[in-house]
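This structure is a prediction, so every number in the text was calculated from the model and none was measured. Convention: sequence-line order gives letters A, B, ...; per-chain numbering from 1.
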There are 2 protein chains.
Amino acid sequence: MLDAAVSVFGRQGFHAASMDDIAELAGISKPMVYAYLGTKEDLFRACLHREATRMVEAVVGAVGSSTRPDEQLWNGLRGFFSFVGERRDGWNMIYRQSRGLEPFASEWAEMRGRMIDIVSGLLARAVESAGGPSGPEHLEPVTYALVGAAESMADWLADRPGEDPGRTAARLMNFIWLGAEDLLHGAVWRPSS
Amino acid sequence: MLDAAVSVFGRQGFHAASMDDIAELAGISKPMVYAYLGTKEDLFRACLHREATRMVEAVVGAVGSSTRPDEQLWNGLRGFFSFVGERRDGWNMIYRQSRGLEPFASEWAEMRGRMIDIVSGLLARAVESAGGPSGPEHLEPVTYALVGAAESMADWLADRPGEDPGRTAARLMNFIWLGAEDLLHGAVWRPSS
DNA sequence: GCGTAACCTTACGGGCGAGTAGGTAAGCTG
DNA sequence: CAGCTTACCTACTCGCCCGTAAGGTTACGC
């Protein structure tokens, strides 16, 4: 039943989706939806919460307890891309439909903040183990860049059913890590003039 | 008048925004809005088109005709972040409100595709001038990663009025280029096992 | 056979907002 | 000044869709 809601919301968005559509897809009638899950807003919130939690769990679970920072990142990315590959609708809902929608902005920001924190902590440990120079305020924007890159590639992946999530993760990993490695050791790019 | 619409749409989203709100903010009455710009959908489309065009122009103009690939990328990023810093509402509209909204998905995809093409072409020249190995099908996903990273940092920037766009561009440039440079010369990261 | 309770339906109220009809007032034209 | 055009507004219609009230169906106790 939440699945039906996620599917409809993911495809149509909060406003365009009607409760009748959701009820129909779930194979029940509208008052049942209200009986079980309350208003449309409650329903959307519940869906978003569930999908976001699953996503975070997928990533955290994949990162696991491996030791080397690059391996942690690699595992996390694979977990993330697998999640997106498997749960298209959930991803649509989180990434394409919840962002900037006023009643849910705080929920969304909180869950994305959790994601940022995970990655940020991961990077911090990487910096530490490499003895690099960056303080936390250098780290935060870089974390956003990394997460954004992953999201964008996930979206690319979501529209290409033939692609292998692992392969996509490897591509991104190359891009990130070969850059990050230089950065971790203090290399700096500067404009020429 | 389009400015008013962009502002309201950017903050509220297509559905939550009412034509009365827009008319009021523009200082005219609703029938005027309809007379000049047609239906709500037309209006949204016009706004999106204008803002996206301005954004692309800002980037293309900033890339200019400089020669070195890293300089081109650097200039393009500065143009992009300046745009976002200056035209908050436009950015909100493009990035937070148009994505995945069914009636506008094709418009959005087209304009983002243009952005992707620009960056992709830029990368292709960089690869060529470095004599690197990557074919175009390796290039496309990397372009998505790069664009996604820029978008995410732009969003980070949009919520932090104190930040300097140039500084943000430099951060991203470091992250991207020090990674890209390795890649351009054929370096590859691999999982350990 | 009749109450009744759990469960689900159809079918409606009501509000909100897109889009419009029709009116007002001011500027030309003769 | 009469007649026409332009520019704009107030005030309405109408449809959509959230949320609910009222009614039907099955299962069980007595």
Query raised in the report: Between B/E151 and B/R112, is a side chain to side chain contact (heavy atoms under 4.5 Å, CB included) present by the stated rule, with each step listed?
Result: CA-CA 11 Å; B/E151 287 169 346; B/R112 205 200 189 207; 2.8 Å; yes
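- Per the geometry, OH belonging to A/Y36 stands 17 Å off C1' belonging to D/dT20, to the nearest Å.
- One atom, CG of B/L43, and another, P of C/dG19, lie 10 Å apart when rounded to the nearest Å.
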Taking only N/O atoms, report every protein-nucleotides 12-18 of chain D pair under 3.5 Å with atom names and distance.
unit_1 : atom_1 : unit_2 : atom_2 : d
D/dC18 : OP1    : A/A17  : O      : 3.3
D/dC18 : OP1    : A/M19  : N      : 3.4
D/dC18 : OP1    : A/K40  : NZ     : 3.1
D/dC18 : OP2    : A/M19  : N      : 3.0

Using a cutoff of under 3.5 Å, can you pull out all pairs of nitrogen or oxygen atoms linking the protein to nucleotides 22-28 of chain C, with atom names and distances?
none

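- B/R11 and B/S7 share a side-chain donor-acceptor pair at under 3.5 Å.
- Judged by distance alone, the side chains of A/R171 and A/N174 never bring a donor and an acceptor atom under 3.5 Å apart.
- Regarding B/E24, its CD atom lies at a distance of 12 Å from the P atom of D/dC9, rounded to whole Å.
- Side-chain atoms of A/W156 and B/E140 include a donor-acceptor pair closer than 3.5 Å.
- Rounded to an integer number of Å, the gap from A/M32 CE to C/dT10 P is 11 Å.
- More than 12 heavy atoms of other residues, nucleotides or ligands lie within 6.0 Å of CD in A/E41, so this atom counts as buried by the packing criterion.
- Here A/W91 and A/F80 bring their ring centres to under 6.0 angstrom of each other.
- A straight line from CD of B/Q12 to P of C/dA18 spans 11 Å, rounded to a whole angstrom.
- Screening A/L172, A/V63, A/L122 for a side-chain contact (heavy atoms from CB on, under 4.5 Å) involving A/L73 leaves a single residue, A/L122.
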Query raised in the report: side chain to side chain contact (heavy atoms under 4.5 Å, CB included) between B/M19 and B/V8: does it pass, once the steps are laid out?
Result: CA-CA 9 Å; B/M19 293 298 264; B/V8 173; over 6 Å; no
